[in-house]
Protein chains: 2
Amino acid sequence: MSNIKKIDGTYDSAAEPQVRRETSKDRRNRIYKTIRERISLLIYPPNSVIGETELAGEFNVSRTPIRSVLQRLHFEGLVQIRTGVGTVVTDVDLKTMKEVYDLRMSLTELSAELSPIEITEEHILAMESMLERAKNLHGRRDSMGYALLCNDLHEVLMSLIGSKPLQEISDNLYYRSARIWLTMLPNLDWDQIVTDQELETSEMLAAMRRNDLRGMVQVRRFYLHCVLTRISDYLQGNNSLSSRDSLKMSERRMQRGRD
Amino acid sequence: MSNIKKIDGTYDSAAEPQVRRETSKDRRNRIYKTIRERISLLIYPPNSVIGETELAGEFNVSRTPIRSVLQRLHFEGLVQIRTGVGTVVTDVDLKTMKEVYDLRMSLTELSAELSPIEITEEHILAMESMLERAKNLHGRRDSMGYALLCNDLHEVLMSLIGSKPLQEISDNLYYRSARIWLTMLPNLDWDQIVTDQELETSEMLAAMRRNDLRGMVQVRRFYLHCVLTRISDYLQGNNSLSSRDSLKMSERRMQRGRD
DNA sequence: CTATTTTAAGTTGTATACAAATGGTACTTT
DNA sequence: AAAGTACCATTTGTATACAACTTAAAATAG
C-alpha cells in the first residue's frame, strides 16, 4: 500500500520524493509567463493577433485555461480582446508611454524608501553577470539578447523591493512599457544603446557595492529618464539626443531639469 | 425592412434611437462592479465564501462570465480562489495593510505632480455633497452610509488624477484596503470617526476652493496616515490615539514625523 | 472508545458544443 | 462602375457536462 497518494499530496515512495505533479494554477502561471515573455521580446509584436485556439493547441490544453491567461494579460494592459477578431497585442501611444515612464521613475525612488531590502552578495553576483552580458552585446546587434538582459535586470531590481504591492505594480508597469522601447531599437544607434546599458549596470553595481540603495534607484531613475527622452525625441523626428555620446551619471544634472 | 440591425449595430427605427443592447463586456463589467462594491461594503465580509454557482444564479448567467469576473477580482487581490473550496474574500494582515497604506500615501502625493487636473465647479459641488452627507452621519452609527460615502469620496478624488495608470493603481489599492478599515469600525468611537471625516472633507473643500491641488492631496495623505495609525494602535491594544479628540489639519505636524 | 479509512457532498478546473460578433468577399442592384 | 447587400469563414463569448480537488462526516478496524 505504499506509493499511494497521501492527504498532503506527497508520496510515500522514495523514488519520486518531492516531485509534485504540476497543479492547475502552476500550469496557468507557466503559460502566463511564457506568453508575457513572448510579448516582451516582440515574438508577438504590437498589433499582432495571437488567437486562443492556436495557443490551446500549442500548450495541449483547451481554450478555457488559455482564456484565463489572456484575460489576465488584458487586465494588465498587455493585450486587447476583441470579440470576433482575436486577441491583439496592445500598442502604446506616446502619451500613455510617457505617463507610464513618469510613474515608473517616481515608483523607483519610492522603492528605496518603503521597506527597503538589504543588498546581499547574491544580488551583486547577479548584477556582475548582467554587466558581463552587457559587455558582450557590443557589435552584433543582438536585439533578443538585449531584451533578455533587460528582463533579467528588471527581475533583480524587483527582488530589491520590499513592499509587495509596490513590487507587483512595478512589475506590471515594466512589462507594460518595456517592449515599446524595443520596437524602436532598430532605428537607433546600437553601440550607443549597449554602451548606455553597460554604463548604467556598472554604476548600479558600484552603488550596490557601497550598500547604497538610494544611489541605485537614482541610477535606475536616470536610465528611465534617458530612455523616455530618446523615445520622445525619436518620435518627434528630433534625433539630437540620440546622436549624442552616451551619458554618464555624472552629467545627469544637465538632463534632469523637471519639464 | 426598417428596424433591422445595421452593420454598425445601430437601428433604423426612431423608436429605439441609441439604446444599444448591453454587450457582453458591459455585462461582465456591471457584475464586476456589483461584486466589488459588495466586498467593499462588507456585504461579503472577509473570509466569507461567495461561490460561482450562487452568483451565476443571481445574475442569470452561466458560471463562465462569473468566473471571468472572479478571476479579475483575484488578480486585484480582493478574493482568493481555492480549488474544491470556493472563492474566499481576502483578509489582510497588518503588515500588508501597512504596506498598502504607505503606498497609497505616497501615490496620493504623486497624483498632484503627474499630469494634474484642473479643479472644476463640478468637483466642488460633488465635494459639498460629501460634506453634507458626512454631517448627517452623526449619532446613528450608519456603517453602510459611511462606507458609501468613503467610496463616493474616493471616486471624486480619482477623477482628479490625470495619469491614467496612476488612476488605475490608486483605484485598485483603495478597494484592496478600504474594507479592512470598515471591519474594525464597530470597535471605535463612532462620533469621532464621523467628525474626522467631516473635518477632512471640509478642509479638502477649502483647498479645492483656492485651487490648491497640492494642498488637497496633503489633506488626503494626512487622513490616510490617521486611519493607519488608528488601525495599528487598535490592533496592538493601544487605544491612546483613538481616544483623543479628532485631529485638525493644523495639528498634523505633530503626527507626521516619519516612523 | 480511538484512530484510520471510506464515502459522499459540494466546489472549482477543464473540455467542448454552440451562440454571437466581426470583417472580408462575392454578388446583386441601381 | 459604384454602392449596397447578403453571405461566409474566423474568432471570441457562453452554457453545460464532466473531471479533479477539498472537506467533513460516516463507516470500519484496532
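Note on naming: letters A, B, ... go to the chains in the order of the sequence lines (proteins, then strands), and numbering restarts at 1 for each one. Any value given below was found using the heavy atoms of this structure, including those in side chains, with hydrogens, waters and symmetry copies removed. Just so we're clear, the structure is a prediction, and the values are computed from it rather than from any experiment.
With rounding to whole Å, B/D26 atom CG is found 14 Å from C/dA21 atom C1'. Between the P atom of C/dA15 and the CZ atom of A/F59 lies a distance of 14 Å, rounded to the nearest Å. C/dA15 atom P lies 14 Å from atom CG of A/L55, rounded to whole Å. Rounded to whole Å, the distance from NZ on A/K25 to P on D/dC21 is 15 Å. Per the geometry, CG belonging to B/N60 stands 11 Å off P belonging to D/dT16, to the nearest Å. Note: CD (B/Q80) to P (D/dC21) measures 18 Å, nearest angstrom. Rounding to whole angstrom units, CD1 of residue B/I66 and P of C/dG13 are separated by 14 Å. Across the protein-nucleic acid pair, A/R27 atom CZ and D/dA19 atom C1' stand 12 Å apart, rounded to whole Å.
One finds no salt bridge joining B/R27 and B/E22 here, because no Lys/Arg side-chain nitrogen approaches an Asp/Glu carboxylate oxygen to under 4.0 Å.
Base engagement by A/T64 is indicated by at least one non-hydrogen atom pair under 4.0 Å involving a base atom. B/V61 comes within 4.0 angstrom of the backbone, heavy atoms only, and of no base.
The side chain of B/S24 places an N or O atom within less than 4.0 Å of a non-bridging phosphate oxygen (OP1 or OP2) of D/dT14. Between C/dT14 and A/S62, no contact under 4.0 Å exists linking OP1 or OP2 to a side-chain N or O.
In this model, a donor atom of one side chain and an acceptor atom of the other lie less than 3.5 Å apart for B/S40 and B/N151.
With sequence neighbours left out, the side-chain hydrogen bond (donor to acceptor under 3.5 Å, both in side chains) criterion links A/N60 to no other residue. Contacts of B/E54 classified as side chain to side chain contact (heavy atoms under 4.5 Å, CB included), with partners at least two apart in sequence or in another chain: none. Applying the side-chain hydrogen bond (donor to acceptor under 3.5 Å, both in side chains) criterion to B/W181, with sequence neighbours excluded, gives B/Y146. For A/T34, the side chain to side chain contact (heavy atoms under 4.5 Å, CB included) test picks out A/R30, A/R38, A/F59, with sequence neighbours left out.
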Treat primed atoms plus P, OP1 and OP2 as sugar-phosphate and everything else as base, then score nucleotides 7-12 of chain D 5' to 3': B for base contact with protein heavy atoms under 4.0 Å, S for sugar-phosphate contact only, - for none.
---BBB
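Counting only residues at least two apart or in different chains, ring-ring contact (aromatic ring centres under 6.0 Å, His included) contacts with residues 149-175 of chain A comprise A/H154-A/Y174, A/H154-A/Y175.
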